[in-house]
Protein chains: 2
Amino acid sequence: MSNKKILLVEDDPNFGIVLKDYLTLSKFDVTHAKDGLEGLIEFKNNDFDICILDVMMPRKDGFSLAEDIRKTNKEIPIIFLTAKSMKEDILKGYKVGADDYLNKPFDSEVLLYKINAILQRKSSAMDAIEEQFEFQIGRFFLNSKLRQLSFDKQEPIKLSPKENKLLKMLATYKNDLMPRELALIKIWRDDNYFTSRSMDVYIAKLRKYLKEDSEVEIINIHGEGFRLIAK
Amino acid sequence: MSNKKILLVEDDPNFGIVLKDYLTLSKFDVTHAKDGLEGLIEFKNNDFDICILDVMMPRKDGFSLAEDIRKTNKEIPIIFLTAKSMKEDILKGYKVGADDYLNKPFDSEVLLYKINAILQRKSSAMDAIEEQFEFQIGRFFLNSKLRQLSFDKQEPIKLSPKENKLLKMLATYKNDLMPRELALIKIWRDDNYFTSRSMDVYIAKLRKYLKEDSEVEIINIHGEGFRLIAK
DNA sequence: GGAAATCTTAATGAATCGTTAAAAACAAAT
DNA sequence: ATTTGTTTTTAACGATTCATTAAGATTTCC
């Protein structure tokens with residue numbers, strides 16, 4: 001099997017070369033472009049498996065490049081390298097369709113780990129295509145495709161789109177922390193005072209639905225997010 | 001298992017050689033660089049497990065070298081050797097991401113002890129890439145992601161963010177000194193009279209939580225920091 | 001003994017969250 | 001186009017959680 005091909009777009013020459021060497025040693029074919037425009041040209045002339053883009057670059061920044069890449073290819077994994085851990089940047093990245101992002105400086109082993117994780121995720125996702133849409137939550141049963149929440153033999157509750165997405169997300173993180181920010185970005189596509197308030201309203205609605213089973217509850221972790229507890 | 005690899009950067013030739021020999025005898029592979037620039041080159045060409053850097057060196061001092069190292073690798077443990085025990089230096093070191101520091105002259109056995117303690121601390125966590133968030137503390141169990149402290153079958157105690165961060169940090173330094181300044185910089189992001197007082201308040205809170213197990217205690221080491229003792 | 005460091009409790013004010021209700025936006029059907 | 005019903009957002013207010021500061025007591029170090 002031939003090596004996976006990486007497009008690395010990074011304007012800092014030193015850092016770029018070190019990173020390229022490191023990835024080459026880790027058995028990837030690396031093409032190193034020095035700015036966004038060069039990156040776009042390389043992208044169009046080759047067939048890469050994954051893109052690693054610096055955010056801040058002359059001529060064309062990483063986000064803008066990502067948008068252009070997405071016009072050609074909706075699936076290719078993109079990892080952003082952001083110098084600062086600005087929330088602005090992270091949000092923007094997710095909107096452009098980032099698969100992951102890393103704050104510089106970072107441990108190169110973490111990058112390697114993320115690359116492999118993403119490549120694996122994509123390939124297995126391709127095999128199975130469909131994602132999970134049925135969840136057991138205590139004595140409740142959620143079918144997120146039909147947007148129905150069932151309890152015993154009772155008539156199922158019909159969920160609105162947002163209720164459904166939120167409960168599904170809580171269920172995929174069952175018994176674990178679902179970070180508030182993540183839900184806002186993925187479901188509300190924005191993270192501000194009002195979307196956050198809106199989310200609280202939906203949490204209240206879900207709690208009302210779920211209160212028939214006393215074993216099930218949604219608890220808040222102050223400043224962090226919510227946790228759906230169910231045996 | 002192969003020996004752990006140490007990058008030792010020390011400009012004093014006599015001291016450097018003695019230290020290198022001592023560490024080699026203690027079953028480490030030691031690369032000895034004579035100044036900061038040489039150290040950086042060695043760092044980029046090899047794969048070390050830990051760095052020991054003298055602070056005062058010609059061409060490139062230890063702090064500057066540490067910053068460069070951190071650009072490539074955010075996790076690798078760094079120990080500083082400082083001639084004077086200036087608080088300025090210690091703070092600067094921690095801000096650059098030091099794991100520990102030693103005042104010259106020092107007992108080489110102390111250095112050895114610290115190296116092993118740090119490697120142990122890092123290795124268990126680093127295997128999994130993502131950081132550790134579960135800790136056993138005597139009969140207590142801390143889940144720092146969920147911010148809860150459990151004791152036997154009792155209802156877990158919910159920890160506030162600061163309580164959680166502080167206890168987590170104490171736990172990673174379990175049975176060892178957690179330097180006061182380090183906690184202040186990493187958790188409070190500042191080191192002054194008030195943050196220090198605030199930390200004391202949190203130590204008091206944690207002691208209250210932990211007093212159910214008489215085998216567990218947080219002791220103060222006057223002028224140095226705290227030590228979480230647990231079997 | 002005296003200065004510096006630490007311990008502990010309590011008070012304050014800010015940020016976050018919970019809940020209800022009303023307003024606005026949206027969609028489907030008349 | 002207007003009506004009707006659903007969904008989502010905004011508003012308002014109370015409740016809870018949280019970090020900091022103050023202040024006095026106690027301990028440690030020289």
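Sequence lines set the chain letters: A, B, ... in the order given, protein chains first and strands last, and positions in each chain run from 1. Please read all numbers here as calculations on a predicted model, not as lab measurements.
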If we count only N and O atoms by modelled type, under 3.5 Å, do the side chains of B:Thr82 and B:Asn103 hold a donor and an acceptor together? yes

Can you tell me which nucleotide in D:dT9, C:dT8, D:dT20 comes closest to the side chain of B:Arg207? C:dT8

Checking contacts here: which listed nucleotide (C:dT20, D:dT17, D:dT7) is nearest the side-chain heavy atoms of A:His222? D:dT17

Checking B:Arg180 side chain against B:Gly223 main chain: does a donor-acceptor pair fall under 3.5 Å? no

Short side-chain N/O contact from B:Ser160 to OP1 or OP2 of D:dA19, under 4.0 Å: yes

Counting the atoms with a prime plus P, OP1 and OP2 as sugar-phosphate, which does A:Lys158 contact under 4.0 Å by heavy atoms, base, sugar-phosphate, or nothing? nothing

Calculate the interatomic distance between B:Arg189 atom CZ and D:dT20 atom P; express it in whole Å. 12 Å

5' priority, DNA chain C, between B:Lys205 and B:Tyr193 [closest heavy atom]: B:Tyr193

Atom OH of A:Tyr202 and atom C1' of C:dC17 are separated, to the nearest Å, by 18 Å

Mind checking B:Ser198 for me? I need base, sugar-phosphate or nothing, with any heavy atom below 4.0 Å counting as a touch. base

In whole Å, I'd like the distance from the CG atom of B:Leu166 to the C1' atom of D:dA19. 13 Å

Say whether, by atom type as modelled, one donor and one acceptor occur between the side chain of B:Ser144 and the main chain of B:Phe133 under 3.5 angstrom. yes

B:Trp188 CH2 to D:dT20 P, in whole Å, measures 7 Å

B:Ser196 side-chain N/O to C:dA5 phosphate OP1/OP2 under 4.0 Å: no

Using atom types as modelled and distance alone, determine if a side-chain donor or acceptor of B:Asn116 lies under 3.5 Å from a backbone N or O of B:Leu112. yes

Roughly, in whole Å, what's the span from CD1 in B:Ile218 to P in C:dT8? 10 Å

Counting only heavy atoms not in A:Lys174, do more than 12 sit closer than 6.0 Å to its NZ atom? yes

If only atom types and distance count, is the side chain of B:Asp100 paired as donor or acceptor with the main-chain N or O of B:Phe80 below 3.5 Å? no

Axis-to-axis angle for the helix from C:dG1-D:dC30 to C:dT30-D:dA1, ends of five pairs each, to 10°, equals 40°

Select one nucleotide: of D:dT9, C:dT8, C:dT6, the one nearest the side-chain heavy atoms of B:Val201. C:dT8

What is the ring orientation for A:Phe151 with A:Phe140, classed by angle as parallel under 30°, tilted 30 to 60°, or perpendicular over 60°? tilted

Measure the distance from CZ on B:Arg147 to C1' on D:dT17 and round it to the nearest whole Å. 9 Å

Looking at A:Arg180, I'd like to know whether one of its side-chain N or O atoms comes within less than 4.0 Å of OP1 or OP2 on C:dC17. yes

Check whether any side-chain N or O of A:Lys162 sits under 4.0 Å from OP1 or OP2 of D:dT9, and answer yes or no. yes

For a quick check of understanding: with a heavy-atom distance under 4.0 Å over all strands, which category does B:Asp200 fall into, base, sugar-phosphate or nothing? base

d(NZ, B:Lys165; C1', D:dT20) in whole Å: 15 Å

For A:Pro77 and A:Ile118, the nearest pair of non-hydrogen atoms, with its separation, is CB-CG2, 3.4 Å

Report the distance from atom CD of A:Glu224 to atom C1' of C:dT16, rounded to the nearest whole Å. 12 Å

Contact class for A:Phe226 vs. all strands (heavy atom < 4.0 Å): base, sugar-phosphate, or nothing? sugar-phosphate

Output the single nucleotide from C:dT8, C:dT6, D:dA19 whose closest atom is nearest the side chain of B:Ala204. C:dT8

Under-4.0 Å side-chain N/O to phosphate OP1/OP2 contact, B:Lys208 with C:dT9: yes

